[in-house]
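Written below as structure tokens is the structure these notes are about.
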Number of protein chains: 2
Amino acid sequence: MASDSSEIVKTDQKRSLETKKRILDATEQLFAQHGFYGTSMRDIAALSGSRISLIYYHFGSKDKIFQTVVDRRSEEHKNHMLGSLHNAVVLHEDAPVPLDILIEAYLRPCLERHQCHGPGWRNYIRLLAHLASESASSDYQKTFFTYDVVNKAFLNEFKRALPDAKDSHIYWGFYFLQTANINFLLDTQILDMQSEGQCSASDIDITIEQCQRFFTRGFTAP
Amino acid sequence: MASDSSEIVKTDQKRSLETKKRILDATEQLFAQHGFYGTSMRDIAALSGSRISLIYYHFGSKDKIFQTVVDRRSEEHKNHMLGSLHNAVVLHEDAPVPLDILIEAYLRPCLERHQCHGPGWRNYIRLLAHLASESASSDYQKTFFTYDVVNKAFLNEFKRALPDAKDSHIYWGFYFLQTANINFLLDTQILDMQSEGQCSASDIDITIEQCQRFFTRGFTAP
DNA sequence: GTCTATAATGAGATAGAC
DNA sequence: GTCTATCTCATTATAGAC
């Protein structure tokens, strides 16, 4: 009897987890495509193949499911980026990391998660980029603060790589790098359209190469 | 009689125009702050001090009022940017315009409209920047194509300024400049926060100076 | 041109059966 | 944990009086 009951619980828990995952995946996709206000609980229910009441049972409210979607992958992505930086640092035995390596260490984890880890990650990264583009007055932006530690770590390495540069120049340079990165992750197609197909930010290696070429020069400007 | 009637018409037309302007201003502000889906006709009616039915009378639907808001200022802003470029060109007597002048000619009209021409223009520019950040799949992005001619004209001047550079490098460089500009106009505060107040994109002259320093170097990268 | 009133639908959220 | 049914309120949009 005890084992029966516990097995039923296990099955239910498993089913529950699968349901929650389906709901979160659908929410993630819809928020990435249409934003918070452009997505209704009915849309989520339809895409996830469940009922509205079930979503409320599992998550409580629209705000909470949004938070859950954002929080679900943040630790992994954060650690991925910190790991990327760490690898570059240990590879250079604690000497300052060259600028082009630093730029790649910053961009590659984002671009790869965006393009190579399936639709779930792609939607999550696009959602993050969307949040980063909101003005500071938005309530959502506090969500973005999770990645503060990542940016601080990279800023620190940029300072080590450029010991003679003014701090302000490093802040501006890193800011320019981030604005480009955010735009990559939003899939805006600005570059593709203006170059009439000659250039595209959809090839990761080319994108990183162009950033290295352009931004190492910018960072070393007097 | 005839003059009476025509004066009444005039008065009504004037009142109508004022009402329309009040409604458009309110819509512009709300769309810039909360986006299309985050803004309701009720919000617009409340902020403009009119009735919902009046908005429908003047504009027909939410989609149409959005279009009207976007179209209202586009010609003027477009001509302002083209004029800025034209001034730089004639000032150099049709010789290639130096890179830093070109960068300023691109940024200054946007930044000034954003900061110095009142809340209406500020909201409009923020709205544009928001549209530019939407992914290409969005229906709204076609609105942004109005400014294609501006970008083409600037790209052309960049090519003249850098006769030895590959076309692809020019496209990438101009793209990087645009991603920075878009982020300025969105008021994201990323730079202010990461630099802990040491740097800010809210000072136009400093912003242009930093862009000139950084991007002229980037553009001339081999 | 502007108002009141209301239709028609969609939204977020909950109750209670199974 | 999942379902049906429903509540309450906000939403877009229209009809008709003045």
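Model, not experiment: these values are computed from the prediction. All chains are named by letter (A, B, ...) in the order of the sequence lines, taking the proteins before the strands, and each is independently numbered beginning at 1. Any value given below was found using the heavy atoms of this structure, including those in side chains, with hydrogens, waters and symmetry copies removed.
- The side chain of T19(A) contributes no N or O atom lying less than 4.0 Å from OP1 or OP2 of dG1(D).
- Both I52(A) and Y57(B) lie near DNA chain C, and the one whose nearest nucleotide falls closer to the 5' end is Y57(B).
- Among the atoms of the strands shown, none is found under 4.0 Å from any heavy atom of S50(A).
- Distance F59(A) CZ to dT14(C) P: 16 Å, rounded to the nearest Å.
- Contact of R42(A) with dG12(C) (side chain to base): a donor-acceptor pair of N or O atoms is detected under 3.5 Å.
- Spacing between atom CD1 of I65(A) and atom P of dA11(C) amounts to 15 Å, rounded to whole angstrom units.
- Rounding to whole angstrom units, CE of residue M41(B) and C1' of dT11(D) are separated by 10 Å.
- Within 4.0 Å (heavy atoms only), S53(A) reaches at least one base atom of the nucleic acid.
- Rounded to whole Å, atom C1' of dG1(C) lies 11 Å from atom CD1 of I23(B).
- In this structure, the CD1 atom of I55(B) is 14 Å from the C1' atom of dT14(D), given to the nearest Å.
- Here the P atom of nucleotide dT11(D) and the CG atom of D63(B) are 16 Å apart, to the nearest Å.
- Considering only side-chain N and O atoms, R51(B) lies under 4.0 angstrom from the phosphate OP1 or OP2 of dT4(C).
- R126(A) and H114(A) share no side-chain donor-acceptor pair at under 3.5 Å.
- For the residue pair S40(A)/D43(A), the side-chain donor-acceptor check at 3.5 Å is satisfied.
- Ring orientation note: the planes of W172(A) and Y175(A) are nearly perpendicular, at an angle over 60° on the 30°/60° scale.
- Close to dT14(D), at under 4.0 Å from its OP1 or OP2, lies no side-chain N or O of Y56(B).
- S16(A) has a side-chain polar atom (N or O) that falls below the 4.0 Å cut-off from OP1 or OP2 of dG1(D).
- Atom P of nucleotide dA11(C) and atom NZ of K62(B) are separated by 12 Å, given to the nearest angstrom.
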